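Small disclaimer: the values here were computed from a predicted structure and weren't measured.
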Amino acid sequence: MEGLAEPAALPQVRDTMMSDQLQRLVASLPETQRAVVILRYQEDLDVHEIASTLKMPERTVWSHLRRAIGMLQEKVARRMGPGPLGKER
């Protein structure tokens, strides 16, 4: 998947309430997507390491990351309205 840009990282959250909300949003993801997001953004593993850890192709990791980020964007938009992470309604 050379040449493809990595999905933008979620911004660092300093607000405790926002952090709790983000944790709940990530926890609401399907199991595989949640695992991929946690390994990428909390454990800071690259796609190759995640693929190796979860025993899946790198393209599948990319797919799960993109799908999870899209779901998170939709959930944020529904809860907080459109903004940097949310899509316009």
Side-chain angles (χ1 to χ4, degrees):
M1 305 239 12
E2 293 180 58
L4 288 177
E6 182 172 336
L10 296 174
Q12 291 184 348
V13 180
R14 294 185 182 152
D15 182 333
T16 303
M17 187 171 148
M18 278 294 290
S19 179
D20 291 343
Q21 289 176 351
L22 183 57
Q23 287 177 356
R24 282 194 296 277
L25 289 171
V26 170
S28 74
L29 291 171
E31 182 178 356
T32 303
Q33 291 176 0
R34 182 175 59 245
V36 169
V37 166
I38 289 170
L39 290 172
R40 178 66 191 108
Y41 297 108
Q42 183 175 328
E43 300 301 322
D44 201 30
L45 298 183
D46 64 29
V47 171
H48 177 76
E49 293 169 316
I50 296 168
S52 177
T53 300
L54 298 179
K55 297 177 178 30
M56 65 175 59
E58 288 182 27
R59 288 179 184 235
T60 303
V61 172
W62 279 109
S63 178
H64 283 298
L65 269 175
R66 288 195 174 108
R67 201 170 300 133
I69 289 169
M71 290 176 74
L72 290 171
Q73 286 174 330
E74 288 177 19
K75 290 172 187 259
V76 167
R78 272 187 263 138
R79 288 198 166 113
M80 299 176 187
L85 294 178
K87 296 177 183 174
E88 290 295 326
R89 294 181 190 198

For the atom pair [atom1] ([X]) and [atom2] ([Y]), what is the distance rounded to the nearest 0.5 Å?
X: Glu58; Y: Glu49; atom1: CD; atom2: CD; answer: 10.0 Å
X: Arg40; Y: Ile38; atom1: CZ; atom2: CD1; answer: 14.0 Å
X: His48; Y: Thr53; atom1: NE2; atom2: OG1; answer: 9.0 Å
X: Glu43; Y: Asp46; atom1: CD; atom2: CG; answer: 13.0 Å
X: Leu25; Y: Glu74; atom1: CG; atom2: CD; answer: 12.0 Å
X: Ile69; Y: Tyr41; atom1: CD1; atom2: OH; answer: 3.5 Å

Non-hydrogen atoms of Ile50 and Val36 that approach each other most closely: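 Minimum heavy-atom contact is CD1-O, 4.0 Å.
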Contact check, side chains of Leu39 and Val61, non-hydrogen atoms, under 4.5 Å: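 Not touching, per the 4.5 Å side-chain cut-off.
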Do Pro30 and Arg67 have side chains that approach each other closer than 4.5 Å (heavy atoms only, starting at C-beta)?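 No, side chains not in contact.
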For Thr32, all residues meeting side-chain hydrogen bond (donor to acceptor under 3.5 Å, both in side chains), sequence neighbours excluded: none
What residues form a side-chain hydrogen bond (donor to acceptor under 3.5 Å, both in side chains) with Arg34, not counting sequence neighbours?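 Here no residue qualifies.
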By side chain to side chain contact (heavy atoms under 4.5 Å, CB included) - contacts of Thr60 (at least two apart):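 Thr60: side chain to side chain contact (heavy atoms under 4.5 Å, CB included) contacts with Met56, Pro57, His64.
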